[in-house]
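In what follows, a single structure is set out as structure tokens and then discussed.
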Amino acid sequence: MDENVSAIATPPGKGGVAIIRISGKNPLSVAEKMFSPVGKIKVADFEPYRLYPGRIDGGAFTDYGLCVYFKAPASYTGEDVVEFQCHGGESVARGILKTTFKHGARSAGRGEFTKRAFLNGKLSLASAEGIADMINGESEAEVRAGYLLYSEKLTQKIRSAQNELKEILAGIGAAVDYPEEGIEEDTTDEIKDKLGVIVEELSALASGYASGRKIKSGVTVAICGKPNTGKSSLLNRLLGYEKAIVSDVAGTTRDAVEGAIEIHGVKFNLYDTAGLRESEDRIESIGIGKAEAIIRAADVAVFVADYTALSEEDARALAYVKDKPLIKVFNKIDLADDTPTDADVHTSALTGEGVQRLKELLYEKGIGDRGEDAAFLIEERHFAALMRAIESLKRAVDACGIMPLDLVGIDVKEAWETLGEITGETASETIVDEIFSKFCVGK
Ligand code: GDP
């Protein structure tokens, strides 16, 4: 990583300011050849973390901007870093970037700055993934979760489990090396207990993925019920604009219409389904088939009936959603004389009554009691590794007292290594490369 690499750190397009970043062994030597500071100071004498105004060489033009030097290891990458802030035109930034190449820097690959930070021990692999989650985050909750990952919340938990496993491995090593002490039996019981506790801790952590997954990709909500109960109208109310087509003729919502809303910063993907009823109409039947698929895949089903209590047809339709977290809605409450009781919420898509309560219920059912507490477990990669480590540890627990301790140790070691894939310690080059290839150039 001796080479100086450079890239435009700001997104393509026009803006107030663009930033060109150089990182490596000696980015100041590049800056020296293309930046003329105002006043008597020389680039080589720049104090770190101070902005210096001056002229930046863009090849075919000159820009007036700022230059800042970050001294290793107190920089993003852990190496010496120089950044130019220039006027935010694409040609301006590109010209300055090209000039850095002329003076010896090479073009940075995707995520290369963050990869260097990882390789220099500035952050764990999970933390780097948190940065990507923040950048790509489509909802506030995803950004919040990304920040927790970035700030090593998950890494700390994983490292502490790894340390406990290391101690257990040391205990196993001692018992195996000195069998004459006769301590193996006691040690086995103790190890079994300790492993059991770690399995519980890691399982509790893994259970956070139930909400973490939804925070990353959004909670899928299927709005279902028999035709003409006001599903499309309710969806429009939730979305706050006219998206689904509302019609008086039953069975016209033939396709799932998608829209997304944020509730307390969490993304909810809403699907309107065609009326759940048996139909002679082939096109409508296709719609019904789709509706079933959507309901099966949904995290929460919103079942809409109209205010006139549940009909037999409703009861049949309800059978489709019986295994889901379900919110029963009585809609068109504006037309009702009495408030029907058998529902979780009464709404009027016409007046908006009850819609806020429906949103609260969606959040409760969708994200659950644990809310965003454990929401830093949002990456499938982390969850999968965690589950593999738990499996290895369960095998180790089962083997205690049945197999010799050194064989138990193999599973414990395997769990330790698998956990290391999350933090990056034991992640293969392929995994590391794949993760950083998803970053943008300049990050
Ligand atoms: P869907 O078939 O379940 O999607 O139902 P639509 O949303 O197409 O609504 C069917 C009819 O009921 C339309 O004429 C809507 O204007 C009407 N409607 C929907 N919600 C309400 C409501 O809360 N109150 C009243 N009075 N009419 C509603």
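In listed order, ligands and their atoms are each counted from 1. All heavy atoms count here, side chains included; hydrogens, waters and symmetry mates do not. Counting from 1, the numbers follow the sequence of the chain as shown.
Counting heavy atoms closer than 4.0 Å to ligand 1, residue Thr229 contributes atoms from both its backbone and its side chain. Of all the heavy atoms of Leu350, the ones lying under 4.0 Å from any atom of ligand 1 are found in both the backbone and the side chain. Only the side chain of Leu335 comes within 4.0 Å of ligand 1, judged by heavy-atom distances.
Between Lys438 and Asp433 there is no salt bridge, since none of the side-chain N atoms of the basic residue sits less than 4.0 Å from a carboxylate O of the acidic one.
Screening residues 69-79 for salt bridge (charged side-chain N to carboxylate O under 4.0 Å, His left out) gives Glu79-Arg116 as the qualifying pairs, with residues at least two apart or on separate chains.
Of all atoms in ligand 1, numbered sequentially from 1 with element shown, those under 4.0 Å from a heavy atom of Asp334 are 22 (C), 23 (O), 24 (N), 25 (C), 26 (N).
There is a side-chain donor-acceptor pair under 3.5 Å between Thr114 and Tyr76. A donor and an acceptor atom, one from each side chain of Asp272 and Ser232, are located under 3.5 Å apart.
In this structure, of Ala349, Ser233, Ser348, the residue bringing a heavy atom nearest to atom 6 (P) of ligand 1 is Ser233.
Phe436 does not carry Arg110 over the face of its six-membered ring by the limits of under 6.0 Å from the centre and within 45° of the normal.
Polar contact check, Ser232 against ligand 1: a nitrogen or oxygen pair lies under 3.5 Å apart.
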